[in-house]
Amino acid sequence: MANAQEILHPGATAPSSSSTMVAATELRPWGSFTVLEDANGYKIKRIEVKPGHRLSLQMHHHRSEHWIVVCGTARVVCGDQELMLTSNQSTYVPQCTNHRLENPGVIPLILIEVQNGEYLGEDDIVRFQDDYARAK
């Protein structure tokens with residue numbers, strides 16, 4: 001099992017034959033994400049949300065997500081529930097469930113996201129509301 005240093009610093013371990021370690025960071029208006037591992041049926045990301053920012057209210061047809069807070073505070077909307085998470089707390093977002101992640105704090109929110117599903121492309125997203133005019 002990988003320790004926290006291996007997850008947060010992907011160069012620390014060698015990829016298995018069935019997965020690819022990827023360390024490319026993609027910038028977004030709300031912060032950034034880095035794909036740490038991408039394999040058949042799952043993907044692991046490090047997500048950083050700037051203080052006072054939030055992701056779109058969205059849904060995915062083909063994947064579920066597990067979010068583990070590493071640093072900061074997360075306000076999570078999942079279906080009709082809203083909860084606050086802090087370091088070492090986690091939540092599960094079922095497939096086809098409206099959800100949103102927000103950083104209400106003053107320091108960056110860092111979390112690990114584990115996606116599971118048959119298709120994990122970035123285009124599997126339906127946005128219902130977006131602070132950055134990306135909703136369709």
Side-chain angles (χ1 to χ4, degrees):
M1 174 171 270
N3 65 35
Q5 286 297 332
E6 292 168 334
I7 292 172
L8 294 176
H9 303 287
T13 60
S16 70
S17 60
S18 63
S19 66
T20 303
M21 293 291 230
V22 184
T25 298
E26 294 195 28
L27 301 178
R28 295 290 186 263
W30 45 262
S32 64
F33 70 86
T34 304
V35 176
L36 302 177
E37 188 168 351
D38 191 353
N40 189 20
Y42 73 93
K43 185 184 290 187
I44 303 170
K45 290 181 177 179
R46 177 190 185 276
I47 297 177
E48 185 166 334
V49 183
K50 298 178 209 174
H53 288 259
R54 63 185 182 174
L55 284 68
S56 58
L57 179 62
Q58 58 188 253
M59 182 267 294
H60 310 289
H61 288 287
H62 303 285
R63 70 174 182 253
S64 61
E65 298 173 340
H66 292 266
W67 294 341
I68 304 104
V69 176
V70 175
C71 180
T73 302
R75 178 179 291 130
V76 175
V77 173
C78 185
D80 58 0
Q81 295 184 339
E82 182 175 316
L83 61 151
M84 298 290 278
L85 301 175
T86 58
S87 183
N88 204 33
Q89 294 183 319
S90 63
T91 192
Y92 173 68
V93 180
Q95 181 176 321
C96 296
T97 301
N98 292 3
H99 60 281
R100 169 175 263 159
L101 176 65
E102 180 177 351
N103 180 357
V106 296
I107 64 170
L109 165 63
I110 299 172
L111 62 90
I112 299 299
E113 174 182 87
V114 180
Q115 302 176 357
N116 290 96
E118 61 193 50
Y119 178 72
L120 304 173
E122 289 300 314
D123 57 344
D124 176 25
I125 184 168
V126 178
R127 288 189 177 95
F128 300 103
Q129 195 283 325
D130 185 70
D131 294 347
Y132 312 102
R134 297 175 301 168
K136 294 180 180 177

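In this structure, H60 NE2 and T97 OG1 are separated by 10.0 Å, a value rounded to the nearest 0.5 Å. Expressed to the nearest 0.5 Å, how far CG of L101 lies from SG of C78 amounts to 11.0 Å. Interatomic distance, CD of E26 versus OG1 of T34, reported as 9.0 Å (0.5 Å rounding). Taken from NE2 in H62 to CG in D124, the straight-line distance is 5.0 Å, to the nearest 0.5 Å. To the nearest 0.5 Å, the span separating OG on S32 from CZ on R46 amounts to 6.5 Å. We find the CZ-CG distance between R54 and D130 to be 9.0 Å, quoted to the nearest 0.5 Å.
Clustering ILVMFWY residues whenever any of their side-chain heavy atoms sit less than 4.5 angstrom apart, transitively, puts V70 in the very cluster that holds I44. A continuous path of hydrophobic side-chain contacts links L83 to V69 [ILVMFWY only; heavy atoms under 4.5 Å]. Cluster annotation: W67 and L120 are assigned to distinct hydrophobic clusters (Ile/Leu/Val/Met/Phe/Trp/Tyr, side-chain heavy-atom contacts under 4.5 Å, transitive).
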Step by step, work out the side chain to side chain contact (heavy atoms under 4.5 Å, CB included) result for H99 and V76.
CA-CA 7 Å; H99 60 281; V76 175; 5.9 Å; no
Give the C-alpha distance, both sets of side-chain angles, the deciding distance and a yes or no for side chain to side chain contact (heavy atoms under 4.5 Å, CB included) between I112 and L36.
CA-CA 9 Å; I112 299 299; L36 302 177; 4.2 Å; yes
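Annotation for P51 and P108: closest pair CG-N, 3.9 Å, computed over non-hydrogen atoms. When all heavy atoms of P29 and K50 are compared, the closest pair comes out as O-NZ, 3.3 Å. Nearest heavy atom pair, residue P104 against residue M84, reads CG-CE, 3.8 Å. Contact record, Y92 with H66: CD1-CE1, 3.2 Å, taken as the closest heavy-atom pair. In plain terms, the two heavy atoms of I125 and S56 that are nearest each other are CD1-OG, 4.4 Å.
Remark: of the listed residues L57, V126, D80, V77, L57 is the sole one forming a side-chain contact (heavy atoms from CB on, under 4.5 Å) with N98.
The closest side-chain donor-acceptor pair between Y132 and H53 falls under 3.5 angstrom.
By the 6.0 Å contact criterion, CD on Q81 is open, its count of non-hydrogen atoms from other residues, nucleotides or ligands being 12 or less.
Side chains of Q95 and E118 form no contact here, defined as non-hydrogen atoms less than 4.5 Å apart.
Other residues sharing the hydrophobic cluster of V106, ordered by chain and number and joined by side-chain separations under 4.5 Å: I107.
Each salt bridge (Lys or Arg N to Asp or Glu O under 4.0 Å) pair with one or both residues in residues 94-108, not counting sequence neighbours, appears once here: R75-E102.
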